[in-house]
Amino acid sequence: SGGGRVRISVENEGSPIEQEHLPRLFDRFYRAERSRRQVGTSNHGLGLAIVAAIARMHQGEPFARSADGITAIGLDVPSSAPTVER
């Protein structure tokens with residue numbers, strides 16, 4: 001085990017996400033933008049919660065940052081996570 005890390009992220013250009021929303025983006029059903037909170041939309045707000053669950057399953061953590069018109073969301077995991085017994 002070399003102790004390295006693997007970081008996977010997706011970056012998007014556009015309006016930044018306000019800093020107070022970043023810690024909650026991985027909460028189930030959380031929506032930072034009022035326009036996306038409309039009833040009847042087909043999105044359920046689970047995608048980033050799933051990213052967070054996958055990161056934790058592999059002894060890692062999710063991350064989100066947004067500045068200067070670039071938002072990056074992803075996960076950071078050990079390069080050789082220990083095997084989980086079932």
Side-chain angles (χ1 to χ4, degrees):
S1 94
R5 308 284 300 172
V6 174
R7 178 168 256 202
I8 301 169
S9 67
V10 174
E11 291 186 354
N12 186 37
E13 291 183 23
S15 300
I17 298 171
E18 295 178 20
Q19 295 299 309
E20 67 264 17
H21 294 294
L22 293 176
R24 300 219 36 223
L25 289 180
F26 297 96
D27 294 352
R28 290 186 307 158
F29 308 115
Y30 184 75
R31 295 171 193 253
E33 296 177 31
R34 288 192 181 279
S35 64
R36 296 181 186 247
R37 294 183 194 166
Q38 297 173 1
V39 176
T41 61
S42 62
N43 299 320
H44 300 289
L46 292 172
L48 294 180
I50 293 169
V51 169
I54 291 169
R56 287 187 208 102
M57 286 171 54
H58 295 281
Q59 292 72 46
E61 55 188 50
F63 67 87
R65 66 180 181 277
S66 188
D68 302 321
I70 304 280
T71 297
I73 296 177
L75 54 95
D76 185 19
V77 296
S79 61
S80 57
T83 304
V84 177
E85 294 203 26
R86 296 182 190 254

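A quick note: this is a predicted structure, and the numbers were derived from the prediction, not measured.
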Under the salt bridge (Lys or Arg N to Asp or Glu O under 4.0 Å) definition, can you give me all pairs with a residue in residues 69-79, not counting sequence neighbours?
Arg5-Asp76
Rounded to the nearest 0.5 Å, what separates atom CD1 in Ile73 from atom CG in Leu22?
8.0 Å
Minimum heavy-atom distance between Phe63 and Leu75, given as atom pair plus value:
CE2-N, 3.4 Å
Between Ala55 and Pro62 the two heavy atoms that sit nearest each other are CB-N, 3.8 Å
With sequence neighbours excluded, residues passing salt bridge (charged side-chain N to carboxylate O under 4.0 Å, His left out) with Arg56:
none
Only pairs under 3.5 Å count here: list side-chain donor-acceptor contacts from residues 6-13, not counting sequence neighbours, and write none if there are none.
none

Inter-residue atom distance Gln59.CD - Glu61.CD, 0.5 Å rounding
12.0 Å
Side-chain donor-acceptor distances from residues 64-71 under 3.5 Å, at least two apart:
from: Ser66; atom 1: OG; to: Ile17; atom 2: N; distance (Å): 2.8
from: Ser66; atom 1: OG; to: Thr71; atom 2: OG1; distance (Å): 2.7

